[in-house]
Amino acid sequence: MMNCFVGIDSVKSVGSYRGWAVVWLDGADRFGFGVYATIEDIMSEFHDASSILIDIPLGLPESREEEQQRPERELRRRLPGKAASVFNPPCRQAVYAGSKAEAKELNLRYLGKSLSEQSLGFAAKIREADCFLHDNHHCVGRLRESHPEYAFALLNGGQPLVSPKKESQGFKERQTVLAQRVGCADAAVRALQDRYPRVLLDDFLDAMVLAVIGRRGHKEGWETIPSEPVHDRRGIPMEIVGTKGLTVVRQEGSMV
């Protein structure tokens, strides 16, 4: 689908819903959405999209030195009050482990730290993305990693939205920020509410903000954390993608 901007977030396994929440926008404020079983399905349908941003770690470290090149430390500094939303991705060795216990042991061996339940919970999705890019290297640089809370902060005048998105106030705040930037945001949220259970709406809201950042980045230019990303051993950049022309506040209070 040409001239569209795609956002992807891992969807919670609820009822028959599995896989990935996807929202796309075009330059005329038309939108669409859906739950896709695999990244391969998404990339097949949106192979000619102008941008495709996903909230899942892509470039994976395999040593302590490589982990220092990941963007999490800087990203936390840019999200005062929301730093806890940034989790440490596992090393590649742990992603392919056969059990949680083995994954923790491997991460401790290669990165010097164990893994949180949050990281372990996303291991299968991280592995899926890593396998896809390994088998489809031409998609490296087309499927790019971003972070919804960072995206919302960029759109919110540099201020992170600290209210939890699972609560009605936090959800409404995020919807308001999107509506200030995209004319179809309220209509898209209503359509999502009509179709999906409430527990899935957070995932779609995160996918939507990545689509919005993708559209803006395509027009205004991209900005990444770090500014010069290092590639992992499979040639995948270890980065978080944002857009130029917007700012967020570092932890110490300076604007970037």
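One-based numbering along the sequence shown.
Remark: the Y96 side chain and the D130 side chain contain an N/O donor-acceptor pair separated by less than 3.5 Å. In summary, the side chains of E45 and W24 do not present any donor paired with an acceptor at a separation below 3.5 Å, with no hydrogens or angles considered.
With respect to the salt-bridge test (charged N to carboxylate O, under 4.0 angstrom), the residues R174 and E149 qualify. With respect to R77 and E74, a salt bridge is recorded, a charged nitrogen being found less than 4.0 Å from a carboxylate O. Salt-bridge annotation for K244 and E220: absent, with no side-chain N of the basic residue lying under 4.0 Å from a carboxylate O of the acidic one. By the 4.0 Å N-to-carboxylate-O rule, R234 lies too far from E62 to be salt-bridged with it.
Counting only distance, with no hydrogens or angles, the side chain of T243 and the backbone of G221 share a donor-acceptor pair below 3.5 Å.
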- Begin with the C-alpha distance, continue with both residues' side-chain angles, and end with the deciding distance and a verdict on salt bridge (charged side-chain N to carboxylate O under 4.0 Å, His left out) for K125 and D9. CA-CA 10 Å; K125 294 290 183 70; D9 190 51; over 6 Å; no
- Query: Does the pair E117 and L120 meet the rule for a side chain to side chain contact (heavy atoms under 4.5 Å, CB included), with working shown?
  - Reply: CA-CA 5 Å; E117 284 300 315; L120 289 166; 3.8 Å; yes
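Listed by chain and number, the residues in a ring pair (Phe, Tyr, Trp, His ring centres under 6.0 Å) with F5 are H218 (sequence neighbours excluded). With sequence neighbours excluded, the residues satisfying salt bridge (Lys or Arg N to Asp or Glu O under 4.0 Å) with E105 are R109. Every residue two or more places apart in sequence or in another chain was checked for a salt bridge (Lys or Arg N to Asp or Glu O under 4.0 Å) with R127, and none qualifies. P71 is linked by a side chain to side chain contact (heavy atoms under 4.5 Å, CB included) to I225, P226, I240, counting only residues two or more places apart in sequence or in another chain. R64 meets the salt bridge (Lys or Arg N to Asp or Glu O under 4.0 Å) test with no other residue; sequence neighbours excluded. Residues satisfying the salt bridge (Lys or Arg N to Asp or Glu O under 4.0 Å) criterion with D55, sequence neighbours excluded, are absent altogether.
Minimum interatomic distance between E102 and S99 (heavy atoms only, all atoms of both residues): N-OG, 3.1 Å. Taking both residues in full, the closest heavy atoms of A129 and I56 are given as CB-CG2, 4.0 Å, listed atom of the first, atom of the second, then distance. When every heavy atom of I236 is checked against every heavy atom of G59, the shortest pair comes out as CG2-N, 3.5 Å. Shown here for K12 and K166, the closest heavy-atom pair between the two residues is CE-NZ, 3.5 Å.
In this structure, NZ on K100 lies 11.5 Å from OG on S114, to the nearest 0.5 angstrom. Note that CG of L115 and SG of C91 are 7.0 Å apart. Values are rounded to the nearest 0.5 Å. Taking CG from L205 and CG from L210, the interatomic distance works out to 10.5 Å, rounded to the nearest 0.5 Å. Between the CZ atom in R181 and the CG atom in L154 there is a gap of 9.0 Å [rounded to 0.5 Å]. Atom-to-atom distance recorded for K172:NZ and E167:CD is 16.0 Å, nearest 0.5 angstrom.
Y196 and F204 have parallel rings, their planes meeting at less than 30° on a 0 to 90° scale where 60° marks the start of perpendicular.
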